[in-house]
There are 2 protein chains.
Amino acid sequence: MVFKELPDVATVSLKEVHLPPSNLHLQFAQLLQSETGADVTFLVSGESFAAHKLILAARSTVFMAEFFGDMKEKCSQSVEIEDMEATVFKALLQFIYTDTVPEFGQQVEADVEAIYTDTVPEFGQQEAAVTVMAQHLLAAADRYGLDRLKLICAGELSGGINVNTAATTLALADLHNCPELKARCVESIIRTCAALDAVLATEGYKHLEASCPLVVIDLFKAARGRKN
Amino acid sequence: MVFKELPDVATVSLKEVHLPPSNLHLQFAQLLQSETGADVTFLVSGESFAAHKLILAARSTVFMAEFFGDMKEKCSQSVEIEDMEATVFKALLQFIYTDTVPEFGQQVEADVEAIYTDTVPEFGQQEAAVTVMAQHLLAAADRYGLDRLKLICAGELSGGINVNTAATTLALADLHNCPELKARCVESIIRTCAALDAVLATEGYKHLEASCPLVVIDLFKAARGRKN
């Protein structure tokens, strides 16, 4: 086949046609919200959430084994989730369907307006609430094999390390195998004597001692190796 | 709750933690390929394709009505698609699950390697094949209400307007309501007398005359209004 070019017609690139961005995540957010075709209900801390086994399985190997493997949950339409708060499970579902975590400012477009019309809580409270959500969500992400969500939570927690959070975050990083976050906590805690003393006086440190004694040894070694 | 900042610890931003890009589209591509939990089979020009009603419905209002509305297809596990080539339906499915069209160079990461190991056809042939695919896929996108895919196809066709394609693409743009693409075709065809003569001599123009006589009137008006 021979092509004859049209005279004087410049090639028009794809970019010249207005193309809206991918809306895959928005359409799955809509599916979650509408509950159309939902085939499973989760019961979490007294609240129920309708969802789709297929979407959960596509995103999590744990749900894949649970719903499409040989386990008992295969045909069940109701699943009880223990040791998790409803708000955390809600955020987990949102991430599974959209790959974003609105709680961390990773907002899907459709929700942006809603956020701005809500009352904005006091800054410190909001920050603390985000840290607590990130801690719980990291644990949930680890439980369901959602590695990208784990990294997002670790990033959020890295940004929120202070006297009140350092020891708790360190325990969490150790428990859920987040080496980068763990190193960052240790580094922050031992940086100065004042920081170390302040952290050792927290409730979080008592919890760290009780739950992760080996991490305290790491902390001790790092503090001794410090140059001052 | 009062926060004490850790001395000398700079706030670490999320960006410092390595975060892989969203993999939503790759995981749905994997779901399509594995056929796990597939609940519908499409028969298209002698080939069969397993898919998931839920994903199709989330992405297309036409499939939503077909599978979750009150129509007869609700419980059917097999759907025959008429007037479509298997390669076109395959590309349509790929777009529904991933929001990309590999045929146009919009490649999902996992497939990039496969493309480079394939034999690369002669440039002109490849270009013609892409144009034909874009034409058929635009019609399919219109049929299933996939507006973003329609725009992607229109962009691809805009870049491939030449003597051989101009009239056929114009007919297609008219038939499937793509005003930008239609205007671009008209503009290209009437730009010079030589271009107009060349297009009028093609088979595509005969088809245009037969199928969209009103567009020929537009073309005539535009040519008369041309400054030369």
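Letters go in sequence order (proteins before strands), and every chain restarts at 1.
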Kindly compute the distance separating CE (A:M64) from CD (B:Q27), expressed to the nearest 0.5 Å. 9.5 Å
For B:L31 and A:I55, what are the C-alpha separation, side-chain angles and deciding distance, and is it a side chain to side chain contact (heavy atoms under 4.5 Å, CB included)? CA-CA 9 Å; B:L31 186 71; A:I55 310 285; over 6 Å; no
Qualifying salt bridge (Lys or Arg N to Asp or Glu O under 4.0 Å) pairs, either residue in residues 132-141 of chain A, two or more places apart: none
Can you give me the closest heavy-atom contact between A:I96 and B:L24, atom names plus distance? O-CD1, 3.9 Å
Quick check on B:L157 against chain A: is it the side chain, the backbone, both or neither that has a heavy atom closer than 4.5 Å? neither
With a 4.5 Å cut-off on heavy-atom pairs, point out which of A:L54, A:L181, A:D147 contacts chain B the most. A:L54
Output for pair (B:L151 CG, A:L19 CG), nearest 0.5 Å, gives 6.0 Å
Determine the minimum heavy-atom distance between B:G37 and A:F68, stating which atoms define it. CA-CE2, 3.6 Å
Taking C-beta and beyond as the side chain, do A:P21 and B:R148 meet within less than 4.5 Å on heavy atoms? no
Rounding to 0.5 Å, atoms CD (B:Q30) and CZ (A:R59) come to a distance of 13.0 Å
Tell me, side chain or backbone of B:N23 under 4.5 Å from chain A's heavy atoms, or both, or neither? both
A:D218 meets the salt bridge (charged side-chain N to carboxylate O under 4.0 Å, His left out) criterion, sequence neighbours left out, with A:K182
